[in-house]
Undergrad: 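Take a look at this one; I'll ask things after.
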Number of protein chains: 2
Amino acid sequence: MVNKTENTEEKIIAAARRVFIRKGMDGARMQEIANEAGINKALLHYYFRSKDKLFDRVFAESFMPALQTIKLVFDEAKDVDSFIEGFVRNYIALLSENPYIPHFILHEINRNPLRVVGQIKSSHFDRERIAKMVATEVNGKRIRAFDPVHMMVNLVALCVFPFVAQPIIQGFLFDGSEADYQQFIDERSRHIVLFVKSAIYLNHPQ
Amino acid sequence: MVNKTENTEEKIIAAARRVFIRKGMDGARMQEIANEAGINKALLHYYFRSKDKLFDRVFAESFMPALQTIKLVFDEAKDVDSFIEGFVRNYIALLSENPYIPHFILHEINRNPLRVVGQIKSSHFDRERIAKMVATEVNGKRIRAFDPVHMMVNLVALCVFPFVAQPIIQGFLFDGSEADYQQFIDERSRHIVLFVKSAIYLNHPQ
DNA sequence: GTCTATAACCGGATAGAC
DNA sequence: GTCTATCCGGTTATAGAC
């Protein structure tokens with residue numbers, strides 16, 4: 001029964017995804033994944049020969065969509081202004097729906113840098129387009145003369161960090177209040193856009 | 001021989017620190033720590049009954065100094081300007097010397113949030129002082145009306161992210177060049193200070 | 001305090017019935 | 001495809017000699 005297969009496979013992936021994200025590759029247990037999927041260990045190995053292969057599959061399925069979302073913004077931005085706005089809004093929206101992905105990916109980046117960098121490279125980001133857009137507007141005296149690499153890192157940092165540091169922000173800055181943290185996240189993309197634009201635009205309104 | 005004891009204990013902690021930082025709690029092996037310390041496994045257990053206890057000790061000794069460095073800036077800042085400058089310069093300097101600490105701590109924060117939040121709380125940061133400083137300067141129309149929580153998160157994000165994302169920044173943005181990455185880090189604190197000040201100060205020079 | 005040897009356990013992987 | 005039972009390697013932890 002093909003249908004049954006797909007259901008089980010999807011159930012496994014979904015369970016594995018939750019467990020790997022919670023515990024990381026090393027901390028995750030096949031038994032825990034099996035329990036969470038409502039099946040037994042042997043079946044995991046029937047579908048995905050080994051823990052490594054299962055992890056690879058889960059990682060790719062978590063990472064690729066995130067990469068594609070960002071790539072779209074890179075490819076479609078027309079000027080610095082729309083790039084910042086598009087990048088921040090799309091990225092924060094993506095992370096709000098998958099709040100644990102950033103830590104999962106960052107952890108894997110440090111565990112296995114080459115694989116992750118390879119996957120990024122193979123998706124052919126056009127960094128030059130952004131750099132040229134920035135250069136044009138710097139020449140036109142519309143924005144300060146910032147290094148585009150620093151700007152990219154700033155943008156990603158401002159978006160990603162609130163999610164990887166969620167336990168501290170909620171636990172310490174908001175004394176454990178989930179509602180306060182949620183409101184903070186809801187304000188976040190508006191805040192970042194304003195913050196970054198204020199930083200780079202000469203003669204920024206307000 | 002008390003002296004010998006201290007030496008061995010320190011050798012173990014130093015070795016454990018390196019291994020735990022490289023591999024994380026789950027990925028680390030007592031054998032690897034023993035090898036790196038130049039002793040055998042049994043001695044690890046003689047000094048620190050279990051892997052868990054050894055990890056706790058290593059974590060505390062990595063985390064506390066970082067926390068204290070930051071606390072000093074909080075306690076001594078006189079105005080927003082000196083706070084930003086002090087925070088960024090001290091934090092980046094600290095991280096440059098311990099580039100793997102951020103990922104180590106972030107991972108532990110997600111693995112065991114309560115413990116880490118507890119340690120932060122017990123070090124009695126005076127968040128209110130900073131919030132008041134900001135409020136004063138907002139009222140005096142010197143800076144934009146930003147939420148101090150967002151500003152704090154921004155500062156930490158801009159400082160920490162370049163270190164946790166080192167493999168991507170170096171591997172992708174700098175095509176693997178260690179020298180380029182190092183130069184990027186060297187520019188970083190100057191860049192952040194300028195970036196943040198440009199964002200918040202009304203009538204910022206340059 | 002430090003070692004070697006080994007116990008005790010755990011977890012990934014496989015065999016084989018259904 | 002799915003299950004139960006089991007194997008086997010690796011890892012933490014301990015026993016006991018020196």
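All figures in this text were calculated on a predicted structure; none of them were measured in a lab. Atoms considered below: every heavy atom in the structure, side chains included; atoms not considered: hydrogens, waters and symmetry mates. By convention in this document, chain letters (A, B, ...) are assigned in the order of the sequence lines, proteins followed by strands, and residues within each chain are numbered from 1.
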Undergrad: Give the nucleotide from the list C/dT2, D/dG1, D/dT14 with an atom nearest to the side chain of A/Leu43.
TA: D/dG1
Undergrad: C/dA13 P sits how many Å from A/Leu54 CG, rounded?
TA: 10 Å
Undergrad: Rounded to whole angstrom units, what separation is found between the NZ atom of A/Lys53 and the C1' atom of C/dG12?
TA: 13 Å
Undergrad: How many whole angstroms separate atom CD1 of A/Ile33 from atom P of C/dG12?
TA: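 So the CD1-P distance, A/Ile33 to C/dG12, works out to 8 Å.
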Undergrad: Rounded to whole angstrom units, what separation is found between the CG atom of A/Asn40 and the P atom of C/dA13?
TA: 15 Å
Undergrad: B/His45 side chain: which of D/dT12, C/dT4, D/dC3 is closest?
TA: D/dT12
Undergrad: On the nucleotide C/dG1, are OP1 or OP2 found under 4.0 Å from the side-chain N or O atoms that B/Thr8 carries?
TA: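 Negative; the distance criterion is not met.
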Undergrad: Rounding to an integer number of Å, can you tell me how far A/Phe48 CZ sits from C/dT14 P?
TA: 15 Å
Undergrad: So which nucleotide from C/dT2, C/dC3, C/dA13 ends up closest to the side chain of B/Ala42?
TA: C/dC3
Undergrad: Does anything in residues 58-73 of chain A form a salt bridge (charged side-chain N to carboxylate O under 4.0 Å, His left out)? List the pairs, not counting sequence neighbours.
TA: A/Arg57-A/Glu61, A/Lys71-A/Asp75
Undergrad: Please give, in whole Å, the distance from C/dA5 C1' to B/Gln31 CD?
TA: 13 Å
Undergrad: What pairs of residues pass the salt bridge (charged side-chain N to carboxylate O under 4.0 Å, His left out) test when at least one of them lies in residues 119-133 of chain B, not counting sequence neighbours?
TA: none
Undergrad: Using ring-ring contact (aromatic ring centres under 6.0 Å, His included) as the criterion, list what pairs up with B/His45, not counting sequence neighbours.
TA: none
Undergrad: Kindly check if the number of other-residue, nucleotide or ligand heavy atoms within 6.0 Å of CZ (A/Arg190) is above 12?
TA: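 Not buried by this count: 12 neighbours or fewer within 6.0 Å.
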Undergrad: What integer distance in Å separates A/Lys11:NZ from D/dG1:C1'?
TA: 12 Å
Undergrad: I need the CG-P distance between B/Asn35 and C/dT2, as an integer number of Å.
TA: 16 Å
Undergrad: Given D/dG1, C/dG1, C/dA13, identify the nucleotide with an atom nearest to the side chain of B/Tyr46.
TA: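 Nearest listed nucleotide: C/dG1.
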Undergrad: May I ask you to establish whether B/Arg115 and B/Phe55 are in a cation-pi arrangement, using a distance under 6.0 Å from NZ or CZ to the six-membered ring centre and at most 45° from the ring axis?
TA: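 Checked: cation-pi criterion not met.
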Undergrad: side-chain hydrogen bond (donor to acceptor under 3.5 Å, both in side chains): which pairs involve residues 155-167 of chain A, sequence neighbours left out?
TA: A/Gln166-A/Gln170
Undergrad: Taking only residues two or more places apart in sequence or in another chain, which ones pass ring-ring contact (aromatic ring centres under 6.0 Å, His included) with B/Tyr100?
TA: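 None.
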Undergrad: Please list each protein N or O that sits under 3.5 Å from an N or O in nucleotides 6-11 of chain C, with the distance.
TA:
residue : atom : partner : partner atom : Å
C/dG11  : OP1  : A/Arg29 : NE           : 3.0

